[in-house]
Amino acid sequence: MRLLRFVLVLAAGLVLSGCSVLDQMTSFFRPSPFTVAPVVNVSRNYTLTDAIVDIPADLIVSEANRYYPFADIVWRGDPPGDRHAQVASLFNNAVELAKPGLTGEVPVIAEITLVRFHGVTEKTRATVGGVFNIVFTLAVRDAETGAVLEAAREIEADLAAPGGTAALLLEREGQTEVVRVTDFLSYVLVQELGGLAR
């Protein structure tokens, strides 16, 4: 009798843990379009004049065509090449797009350091799709004095990456991975450096 009770409890535990794993997989493959880490009680009135973008050389790149390569940088939106430089270009272009949205009274320089940039591989993009998971730190300095206005804080931003036919349709409309990620990063920067209370 005790053995039967033990087996039933063990089976129930396995079923519940399986549900948890399925929920995580569902949220991974069907992410919300924009997920930006909240910032609380910071008043901002910035003009973004420039940015220093640091893509550390020791971040590991993967070119493996698997559903989820284990690496710091996974990017396929550009042809094969220097992935560190390509990701830096995405951020620098996003900064330029963000500038018109940040025209306050205090000129600032944003210091951006990449922690993780996980795009989708060819296999993922051709089938189930996934998510662009981008993690970076952001610090803010006064552009005139160099004083630190905001110490570095980590930001995690996720962008849905449709797969299969949806990915092809976006591509035909000019919404390449480069375009979508650059636009998204500019949106994140405006939100994170803007004066909106969140």
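Position 1 is the first residue of the sequence, and the numbers go up from there.
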| note | Minimal heavy-atom distance between V87 and L114, with the atoms involved, is CG1-CD2, 3.9 Å

| message | I want to check something: taking the side chain as every heavy atom from C-beta on, are D50 and V95 in contact at a cut-off of under 4.5 Å? | response | no

| message | Quick check: closest heavy atoms across R83 and W75, and the distance to 0.1 Å? | response | CZ-O, 3.0 Å

| query | Please walk me through it: do L193 and V140 pass side chain to side chain contact (heavy atoms under 4.5 Å, CB included)? | reply | CA-CA 9 Å; L193 295 171; V140 182; 3.5 Å; yes

| request: Would you indicate whether the side-chain heavy atoms of R180 and L170 approach each other to under 4.5 Å? | output: yes

| said: Measuring only between side-chain heavy atoms, which start at C-beta, is I112 closer than 4.5 Å to L189? | reply: yes

| remark: Smallest heavy-atom separation, I134 atom then D158 atom, equals N-OD1, 4.2 Å

| task | Mind listing the closest non-hydrogen atom pair of G119 and F132 along with its distance? | result | CA-CD2, 3.5 Å

| message | Within the 4.5 Å heavy-atom criterion, are V188 and I155 side-chain neighbours or not? | response | yes

| query | Looking at side-chain heavy atoms only, is the closest gap between V74 and V120 below 4.5 Å? | reply | no

| message | Testing the 3.5 Å rule here: is there a donor-acceptor pair between the side chains of Y46 and E150? | response | yes

| message | Is there a continuous path of hydrophobic side-chain contacts, each under 4.5 Å between heavy atoms, that joins L97 to Y187? | response | no

| message | Could you report the tightest heavy-atom contact between T121 and R66, atom names first, then the distance? | response | OG1-O, 2.6 Å

| query | Where do N65 and K123 come nearest, in terms of heavy atoms and distance? | reply | OD1-N, 2.8 Å

| field | T137 side chain reached by R153 side chain, heavy atoms, under 4.5 Å | value | no

| query | Any side-chain heavy atom of V61 sitting closer than 4.5 Å to one from D72? | reply | no

| query | Looking only at atom types and distance, does a side-chain atom of T182 sit under 3.5 Å from a main-chain N or O of A94, one as donor and one as acceptor? | reply | no

| Would you say the ring centroid of F91 lies under 6.0 angstrom from that of F136? | yes

